[in-house]
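Report on one structure; see the data block that follows.
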Amino acid sequence: MRHSIRARFAWISEGLLLLVLLSIWCLNTWFLESYYMADRQKALREAYELLDSVVQKAEEEGKSISELYDENEDSYTTQGSLPWLFREFNEQSGISILIIDNMKDKGISTARDKQRLMVRAYQYILGETMPPNEILEQEDNYVIQKTYDALSNSYYLECWGFFSDNSTVFLMNLPVTSIQESVKLSNRFLTYVGIAAILIGGLIIYVSSHRITKPILQLADLSEKMSNLNFDVKYEGKAEDEIGVLGKSMNTLSEKLKETIQELQDANIQLQKDIEEKEKTDEMRKEFIANVSHELKTPIALIQGYAEGLVEGMAEDKENRDYYCEVIMDEAGKMNTLVRQLLNLSALESGYDHVQIEPFSLTELIDGAVSAAKILVEQKEAKIQLDIAKDLYVLGDEFKIEEVMNNYLNNALNHLGGAKQIRIRTEERETLVRIVVFNTGNHIADEDLEKLWSKFYKVDKAHTREYGGSGLGLSIVKAIMESHQQAYGVRNVEDGVEFWFELQKAQIEKESKRP
């Protein structure tokens with residue numbers, strides 16, 4: 001990844017490592033020599049102070065430096081003795097020391113070139129020709145200087161002068177290694193080490209940074225999936241660091257978002273259903289008003305026309321007046337029937353007309369419905385065939401089921417055709433009884449089968465008008481059966497149409513004979 005945190009982390013670490021190495025290189029180049037010289041000067045000052053304390057002690061004891069040195073000449077292991085100090089300064093700092101005892105005109109030194117040091121010390125004291133030097137520090141009793149030695153082609157740090165007794169001469173000589181060569185060697189070594197450190201360190205950092213960037217990449221993938229509304233993904237890291245806390249927070253956020261969005265979706269679905277229901281209700285209301293207006297328009301027009309005829313004296317004889325009155329009464333009856341059916345249907349659909357579920361004899365109910373329609377059956381020249389069980393009891397509201405049965409039977413009589421046969425049969429099942437009403441006649445178009453149960457729907461409006469149908473009968477059947485929570489339906493069969501409905505069996509043992 002071009003802009004990955006892993007790569008940037010590696011580059012930043014490499015940059016910091018390179019910066020540290022460059023800083024060390026610059027310090028070596030510009031400040032190491034000064035630091036080295038300051039450290040050597042400090043060593044010379046410390047040596048001077050210690051040796052001066054020894055000289056003061058010898059003076060207090062009335063001894064010369066030579067005597068003090070001779071007493072302890074072989075005591076290099078005695079801490080604080082003059083030979084021990086000479087050896088320590090030489091071994092630790094490489095300082096060669098020469099002390100000239102003026103009382104005995106004797107030089108004390110452990111250096112191999114003792115004689116050369118004495119010559120140089122006298123040159124400095126007497127102010128004779130001096131080798132090239134650079135004074136670095138000058139105090140009341142001594143001078144520290146950087147001197148070039150042509151014989152060895154090297155530089156020395158020298159400290160010479162008098163101790164605090166102002167009579168004892170000293171010279172301390174410290175060879176100065178070529179610091180420039182040391183700096184170059186150090187920088188060269190640092191370069192090699194730095195390159196190796198950058199390469200190896202960069203590789204280690206790049207590999208180890210994977211442990212840091214891996215959970216970050218997981219969180220990035222998690223957030224991308226969440227942005228696509230996938231809230232089932234979860235951060236599975238076990239770390240307790242900041243990334244682990246962030247991962248747990250994202251899991252919590254994912255759960256909250258999932259719950260909230262689910263609630264919004266449910267609310268949106270419900271709102272959509274409510275809107276659709278409202279639109280459907282509005283459409284049904286408009287359709288209902290239009291259908292009622294249409295159904296009432298014809299009888300009202302007929303009543304108004306025949307009433308106006310009576311008022312204007314168009315029916316002068318009794319026979320015509322009776323005819324006019326019969327038409328008015330017939331149309332008023334249809335209007336009354338329509339209003340009654342509408343009120344009944346409205347009560348059923350709104351739930352105000354509660355059903356009374358009780359056991360009753362289905363056999364007697366069907367026989368009663370057929371007997372009540374006897375005159376109409378004779379007028380239609382219909383043949384009714386019954387195939388129903390004896391003593392069949394069911395659960396339901398007897399008066400409403402009777403209305404269902406009457407609607408099915410009247411519907412069969414009004415649409416009778418062909419052989420003019422009506423067959424009513426019952427089919428018993430485990431806990432249910434299906435009542436089927438068949439009539440011969442024309443089939444109902446498949447696209448109209450489901451529409452039959454809608455209010456005011458008429459397959460053949462002209463034919464329906466002939467027998468005074470309002471298109472509400474099957475709607476009332478639907479409302480009654482749904483209030484009973486039972487099935488109902490219609491289907492085309494050979495030679496005709498079958499309407500059916502089902503009821504729950506009643507567990508009653510009762511002897512009953514059909515009349």
side-chain contact (heavy atoms from CB on, under 4.5 Å) between L16 and V20, worked out: CA-CA 6 Å; L16 289 175; V20 171; 5.5 Å; no

Could you check if a side-chain atom of [X] sits within less than 4.5 angstrom of a side-chain atom of [Y], using non-hydrogen atoms only?
| X | Y | answer |
| --- | --- | --- |
| I144 | R45 | yes |
| I424 | M405 | yes |
| R40 | S93 | yes |
| I388 | D367 | yes |
| D387 | T426 | no |
| L386 | V370 | yes |

Just to verify, what does [X] make a salt bridge (Lys or Arg N to Asp or Glu O under 4.0 Å) with, not counting sequence neighbours?
| X | answer |
| --- | --- |
| E276 | none |
| E502 | R429, R434 |
| E398 | none |
| K374 | none |

List the residues meeting side chain to side chain donor-acceptor pair (under 3.5 Å) with [X], not counting sequence neighbours, and say none if there are none.
| X | answer |
| --- | --- |
| E255 | none |
| N268 | none |
| E428 | K505 |
| E381 | none |

Can you name the nearest heavy-atom pair linking [X] to [Y], along with the distance?
| X | Y | value |
| --- | --- | --- |
| L392 | A389 | CB-O, 4.0 Å |
| V433 | I435 | O-CD1, 3.8 Å |
| T363 | D391 | OG1-N, 3.6 Å |
| N406 | A369 | OD1-CB, 3.5 Å |
| A382 | I422 | CB-CD1, 4.4 Å |
| L365 | F360 | CD1-CE1, 3.6 Å |

My understanding is that only residues two or more places apart in sequence, or in another chain, count here; which of them pass side-chain contact (heavy atoms from CB on, under 4.5 Å) with [X]?
| X | value |
| --- | --- |
| D446 | L449, N492 |
| L376 | Q379, K380, N410, L413 |
| K146 | E33, M37, E134, L136, Y155, L157 |

Distance (rounded to the nearest 0.5 Å) between [X] [atom1] and [Y] [atom2]:
| X | Y | atom1 | atom2 | answer |
| --- | --- | --- | --- | --- |
| D322 | M329 | CG | CE | 10.5 Å |
| L432 | E427 | CG | CD | 11.5 Å |
| F501 | I480 | CZ | CD1 | 9.5 Å |
| N407 | S475 | CG | OG | 9.5 Å |
| Q92 | E46 | CD | CD | 10.0 Å |
| R425 | F438 | CZ | CZ | 9.0 Å |

According to the salt bridge (Lys or Arg N to Asp or Glu O under 4.0 Å) rule, which pairs have a member within residues 483-492, sequence neighbours left out?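 Found R491-E498.
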
Just wondering, are more than 12 heavy atoms of other shown residues or ligands nearer than 6.0 Å to [atom1] in [X]?
| X | atom1 | answer |
| --- | --- | --- |
| E494 | CD | no |
| E482 | CD | yes |
| L19 | CG | yes |
| I275 | CD1 | yes |

Taking T440 for the side chain and K420 for the main chain, is one N or O donor matched with an acceptor at less than 3.5 Å? yes

Donor-acceptor pair, H484 side chain versus G396 backbone, under 3.5 Å?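 Checking the backbone N and O of G396 against the side chain of H484, no donor-acceptor pair under 3.5 Å is found.
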
Run the ring-centre check on Y408 versus W500 and record whether the distance is less than 6.0 Å.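 No, too far apart.
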
Could you go through V394 and Q504, starting from their C-alpha distance and side-chain angles, then the distance that decides it, and tell me whether this counts as side-chain contact (heavy atoms from CB on, under 4.5 Å)? CA-CA 6 Å; V394 293; Q504 194 80 18; over 6 Å; no

Considering only NZ, NE, NH1 and NH2 on the basic side and carboxylate oxygens on the acidic side, decide whether E402 and K400 come within less than 4.0 Å. no

side-chain contact (heavy atoms from CB on, under 4.5 Å), that's the test. Do V497 and F499 meet it? Break it down for me. CA-CA 7 Å; V497 179; F499 283 84; 3.8 Å; yes

Take V404 and M481, measure what side-chain contact (heavy atoms from CB on, under 4.5 Å) needs, and give me the verdict at the end. CA-CA 8 Å; V404 171; M481 296 313 302; 4.3 Å; yes

Check against side chain to side chain donor-acceptor pair (under 3.5 Å), Q270 and D266: CA-CA 6 Å; Q270 185 60 43; D266 293 342; over 6 Å; no

